[in-house]
Every structure is written in C-alpha cells, then in structure tokens.
Amino acid sequence: MHNGATTSSVKLPHPALPDADWVDSFTITSPQTGITPDIAARKIMESRPGWVVRLMQFRDMVVRPFGLKSGVPDPQNADVIGIFPVIARAKNSITLGLDDRHIDFRLIIEIEETANNQTKIQAITAVKRHNMFGRAYLATITPFHNRIVPAMLNAAYRT
C-alpha cells in the first residue's frame, strides 16, 4: 500500500501555459509500471467520485448564464479525455485544457518511472486569469479544486 495524493512543487512559468499566473500540483505514486500519460489522464478523469461529478454539474449550471465554457465528454474522440480537449502530447506528459474569456486552463499529467519500479504521477493545474471575473472565479473554486484533484488521483491510483 502507498500513500495518497500529496501537494508537490511546481514553478511558473510552465511550458504548457507560459503566461499562467496561478499553478498548483498534486502527486501520487503507483506500484504499476508502464503507465503512459494518456492512460493516467484517462484513468484519473474516469475515476471521479460521485460527489465530484455532482459538483461539476452544479458548477456548469451556475456558470452557464455567464456564457462560460464547460468541457464536453466525447468518448469516441481520442483528443478529448474526460471533458477536456487534448492540447499537447509528449513522451512523459499530456496537456488538457480550455481557453475562455475569464481564464485559460491547463491540466498537465506528467509521468515519471522511479528507480524502485513505481510510477510517479503528477497532476499540474496552470491558469491564466484574464480579468477580475477570472480572479474571483479562481478564488471561489480553489478550495474545491484542492479537494477534487487529490480525490481523483486517490480514486485512480490509491490501493
């Protein structure tokens, strides 16, 4: 058995969103090997606990009148994972995200094989806030985000 998701360090600027002004990161280690960034991203997005699904549905309902984008699931499209379009793929990372009037958002999943045959999975969130509404929105969702991301990592990879 291994520990659950923990906060980890990440610095700005981040190549996935060079003008980001907010970033955080959570990491979990899996005893599995051979995990690709695509596999990890899909498993994380498919492992959303029920309370996270309901919270995201509520968020979408609340922001709809403001014309804010919400991700759209498209299980037949390899370039959509969960509800987010794939922006970039690299050997050890995948970047998902959306750009909107108030914020640009990136979820970067980075994979690192460790010396003891485990896989470190890091979920980095990078955001560029465009205006006061973007700053207010991020301030409002951050306490939820800080519970959602670790919960999803734990649901996907905690044994």
Side-chain angles (χ1 to χ4, degrees), residues 3-30 35 37-49 51-74 79-112 119-158:
N3 293 329
T6 59
T7 59
S8 53
S9 65
V10 64
K11 293 185 174 153
L12 289 176
H14 192 281
L17 190 61
D19 60 348
D21 57 9
W22 186 94
V23 68
D24 75 356
S25 176
F26 296 90
T27 301
I28 194 164
T29 301
S30 171
I35 300 170
D38 272 70
I39 289 170
R42 288 184 192 288
K43 187 168 183 179
I44 292 164
M45 295 306 287
E46 291 167 0
S47 297
R48 295 182 300 163
W51 65 268
V52 171
V53 172
R54 289 187 298 280
L55 193 59
M56 294 305 294
Q57 289 169 338
F58 178 73
R59 175 252 179 226
D60 289 347
M61 183 182 68
V62 169
V63 301
R64 189 174 301 123
F66 299 101
L68 301 182
K69 293 180 183 176
S70 59
V72 178
D74 187 355
D79 288 327
V80 175
I81 296 180
I83 59 172
F84 300 113
V86 175
I87 293 175
R89 284 184 168 93
K91 182 179 186 240
N92 293 320
S93 69
I94 188 166
T95 302
L96 314 176
L98 291 169
D99 292 345
D100 210 342
R101 292 186 319 220
H102 69 303
I103 65 170
D104 295 345
F105 158 84
R106 300 292 181 272
L107 171 60
I108 305 103
I109 304 296
E110 294 183 348
I111 303 299
E112 179 185 336
T119 304
K120 184 173 101 173
I121 303 159
Q122 185 174 16
I124 301 165
T125 304
V127 175
K128 168 62 178 160
R129 297 170 285 187
H130 294 297
N131 51 39
M132 219 155 102
F133 184 71
R135 287 186 283 284
Y137 174 78
L138 189 61
T140 301
I141 68 160
T142 295
F144 300 101
H145 169 85
N146 289 339
R147 287 173 181 75
I148 290 170
V149 177
M152 290 173 65
L153 287 168
N154 288 334
Y157 286 104
R158 192 172 184 178

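Computed from heavy atoms alone, side chains included, the values below leave out hydrogens, waters and symmetry copies.
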Reported [atom1]-to-[atom2] distance for the pair [X] and [Y], which is rounded to 0.5 angstrom:
| X | Y | atom1 | atom2 | result |
| --- | --- | --- | --- | --- |
| R106 | T125 | CZ | OG1 | 12.0 Å |
| I94 | R42 | CD1 | CZ | 7.0 Å |
| Y137 | I103 | OH | CD1 | 5.5 Å |
| F105 | L17 | CZ | CG | 10.5 Å |

Considering all heavy atoms, the nearest [X]-[Y] contact:
| X | Y | result |
| --- | --- | --- |
| E110 | S93 | CG-CB, 3.9 Å |
| A123 | L107 | CB-CD1, 4.2 Å |
| T27 | L153 | N-CD1, 4.3 Å |
| A40 | I35 | CB-CG2, 3.8 Å |
| N146 | F26 | OD1-CZ, 3.9 Å |
| S47 | A155 | O-CB, 3.1 Å |

Quick one, [X] and [Y] - any side-chain contact, counting heavy atoms below 4.5 Å?
| X | Y | result |
| --- | --- | --- |
| T29 | I121 | no |
| H102 | R135 | no |
| D24 | V149 | no |
| T142 | W22 | yes |

For residues 81-90, which side-chain N or O atoms pair as donor and acceptor with protein atoms under 3.5 Å away, sequence neighbours left out?
from: R89; atom 1: NE; to: D38; atom 2: OD1; distance (Å): 3.0
from: R89; atom 1: NE; to: D38; atom 2: OD2; distance (Å): 3.1
from: R89; atom 1: NH1; to: D79; atom 2: OD1; distance (Å): 2.8
from: R89; atom 1: NH2; to: D38; atom 2: OD2; distance (Å): 2.9
from: R89; atom 1: NH2; to: A78; atom 2: O; distance (Å): 2.9

| query | Within the distance-only criterion (no hydrogens, no angle test), does the side chain of K43 pair as donor or acceptor with the backbone N or O of A156 below 3.5 angstrom? | reply | yes
| Can S8 and S25 be counted as having a side-chain donor-acceptor contact under 3.5 angstrom? | yes
| task | Report the residues that fulfil side-chain contact (heavy atoms from CB on, under 4.5 Å) with H130, sequence neighbours left out, ordered by chain and then residue number. | result | D104, K128
